[in-house]
Amino acid sequence: MKEFLVELTTVVPEGTPQAEVDRRRADEAVRAGELAAAGHLVRLWRPVGELRSIGLWRVADEQELYEKVLGTLPLWPWMVSVVTAVQPHPNDPGPADHVA
(Lines give C-alpha, C1' and ligand atoms only; values in the text may rest on other atoms or scores of the structure.)
Protein backbone atom coordinates (compact mmCIF):
# COMPACT_ATOMS: atom_id res chain seq x y z
CA MET A 1 0.00 0.00 0.00
CA LYS A 2 1.11 3.54 -0.74
CA GLU A 3 0.36 6.63 1.30
CA PHE A 4 -0.89 9.96 0.01
CA LEU A 5 -1.33 13.27 1.77
CA VAL A 6 -4.43 14.87 0.28
CA GLU A 7 -5.62 18.44 0.78
CA LEU A 8 -9.29 18.90 -0.04
CA THR A 9 -11.16 22.18 -0.37
CA THR A 10 -14.88 22.05 -1.03
CA VAL A 11 -16.36 24.78 -3.20
CA VAL A 12 -20.13 24.55 -3.30
CA PRO A 13 -21.50 25.70 -6.66
CA GLU A 14 -23.38 28.97 -6.46
CA GLY A 15 -27.12 28.46 -6.35
CA THR A 16 -26.97 24.97 -4.83
CA PRO A 17 -29.93 24.49 -2.46
CA GLN A 18 -28.92 24.18 1.20
CA ALA A 19 -30.82 20.89 1.44
CA GLU A 20 -28.53 19.41 -1.25
CA VAL A 21 -25.44 20.69 0.58
CA ASP A 22 -26.67 19.21 3.87
CA ARG A 23 -27.49 15.86 2.25
CA ARG A 24 -24.09 15.58 0.62
CA ARG A 25 -22.28 16.52 3.84
CA ALA A 26 -24.20 13.85 5.76
CA ASP A 27 -23.45 11.28 3.05
CA GLU A 28 -19.80 12.39 3.11
CA ALA A 29 -19.52 11.58 6.83
CA VAL A 30 -20.92 8.10 6.21
CA ARG A 31 -18.58 7.46 3.27
CA ALA A 32 -15.54 8.72 5.22
CA GLY A 33 -16.39 6.21 7.95
CA GLU A 34 -16.59 3.41 5.39
CA LEU A 35 -13.24 4.38 3.87
CA ALA A 36 -11.67 4.53 7.33
CA ALA A 37 -13.04 1.09 8.18
CA ALA A 38 -11.57 -0.24 4.91
CA GLY A 39 -8.15 1.18 5.86
CA HIS A 40 -8.04 3.84 3.15
CA LEU A 41 -8.62 6.93 5.30
CA VAL A 42 -5.95 6.82 7.99
CA ARG A 43 -6.11 10.35 9.47
CA LEU A 44 -8.08 13.51 8.75
CA TRP A 45 -7.29 17.03 9.98
CA ARG A 46 -8.76 20.48 9.55
CA PRO A 47 -6.30 23.37 9.83
CA VAL A 48 -7.43 25.75 12.56
CA GLY A 49 -9.58 28.54 11.14
CA GLU A 50 -9.81 27.02 7.65
CA LEU A 51 -12.48 25.12 5.74
CA ARG A 52 -10.14 22.73 3.97
CA SER A 53 -9.14 19.29 5.20
CA ILE A 54 -5.90 17.34 5.07
CA GLY A 55 -6.00 13.57 5.09
CA LEU A 56 -3.60 10.66 5.06
CA TRP A 57 -4.88 7.98 2.69
CA ARG A 58 -3.63 4.44 1.91
CA VAL A 59 -4.29 2.76 -1.42
CA ALA A 60 -2.53 0.49 -3.90
CA ASP A 61 -1.73 3.35 -6.28
CA GLU A 62 -2.79 6.81 -7.40
CA GLN A 63 -5.33 5.43 -9.86
CA GLU A 64 -7.15 3.63 -7.05
CA LEU A 65 -6.99 6.80 -4.95
CA TYR A 66 -8.88 8.79 -7.58
CA GLU A 67 -11.19 6.14 -9.00
CA LYS A 68 -12.18 4.01 -6.02
CA VAL A 69 -11.61 6.26 -3.04
CA LEU A 70 -11.73 10.03 -3.55
CA GLY A 71 -14.02 9.70 -6.56
CA THR A 72 -16.60 7.97 -4.35
CA LEU A 73 -16.91 10.89 -1.94
CA PRO A 74 -20.31 12.61 -2.28
CA LEU A 75 -18.63 16.04 -2.19
CA TRP A 76 -15.90 15.06 -4.70
CA PRO A 77 -17.53 16.89 -7.65
CA TRP A 78 -17.25 20.09 -5.60
CA MET A 79 -13.71 19.49 -4.34
CA VAL A 80 -10.37 20.90 -5.36
CA SER A 81 -7.57 18.51 -4.40
CA VAL A 82 -3.82 18.59 -3.97
CA VAL A 83 -2.34 15.09 -3.78
CA THR A 84 1.18 14.33 -2.62
CA ALA A 85 2.62 10.82 -2.50
CA VAL A 86 4.56 10.35 0.76
CA GLN A 87 6.79 7.74 2.33
CA PRO A 88 8.34 7.45 5.78
CA HIS A 89 11.46 9.49 6.37
CA PRO A 90 14.45 7.51 7.70
CA ASN A 91 14.37 9.71 10.84
CA ASP A 92 10.62 9.42 11.39
CA PRO A 93 10.06 8.86 15.12
CA GLY A 94 6.63 7.30 14.46
CA PRO A 95 5.55 3.67 14.85
CA ALA A 96 7.41 0.90 13.05
CA ASP A 97 4.27 -0.21 11.16
CA HIS A 98 4.75 2.35 8.37
CA VAL A 99 3.96 1.29 4.83
CA ALA A 100 7.09 0.91 2.70
For I54 and P47, the nearest pair of non-hydrogen atoms, with its separation, is CD1-CG, 3.8 Å
Minimal heavy-atom distance between M1 and R58, with the atoms involved, is CE-O, 3.6 Å
- Answer whether the closest heavy-atom distance between the side chains of R25 and V12 falls below 4.5 Å. yes
Minimal heavy-atom distance between T16 and W78, with the atoms involved, is CG2-CH2, 3.7 Å
Check: Do V82 and V6 come within less than 4.5 Å of each other through their side chains, counting heavy atoms only?
Finding: no
With a 4.5 Å cut-off on side-chain heavy atoms, are T9 and M79 touching?
no
Could you check whether any side-chain heavy atom of W57 comes within less than 4.5 Å of a side-chain heavy atom of V69, counting everything from C-beta outward? yes
### Message
Using the rule that Ile, Leu, Val, Met, Phe, Trp and Tyr join whenever any side-chain heavy atoms are under 4.5 Å apart, tell me whether V83 and L41 fall into a single cluster.
### Response
yes
Could you check if a side-chain atom of Y66 sits within less than 4.5 angstrom of a side-chain atom of F4, using non-hydrogen atoms only? no
> Can E3 and L56 be said to form a side-chain contact (heavy atoms from CB on, under 4.5 Å), step by step?
Replying inline: CA-CA 7 Å; E3 293 183 325; L56 180 62; 4.1 Å; yes
Please output the side-chain donor-acceptor pairs of residues 27-36 that fall under 3.5 Å, not counting sequence neighbours, one pair per line with the distance.
unit_1	atom_1	unit_2	atom_2	d
D27	OD2	R23	NH1	3.0
E28	OE1	L75	N	2.8
R31	NE	T72	OG1	2.9
R31	NH1	E34	OE1	3.0
R31	NH2	T72	OG1	3.1

Heavy-atom nearest pair, R24 first then P77, reads NH1-CG, 3.8 Å
Here the gap from L65 atom CG to H40 atom NE2, rounded to the nearest 0.5 Å, amounts to 9.5 Å
Here the gap from L8 atom CG to S53 atom OG, rounded to the nearest 0.5 Å, amounts to 4.5 Å
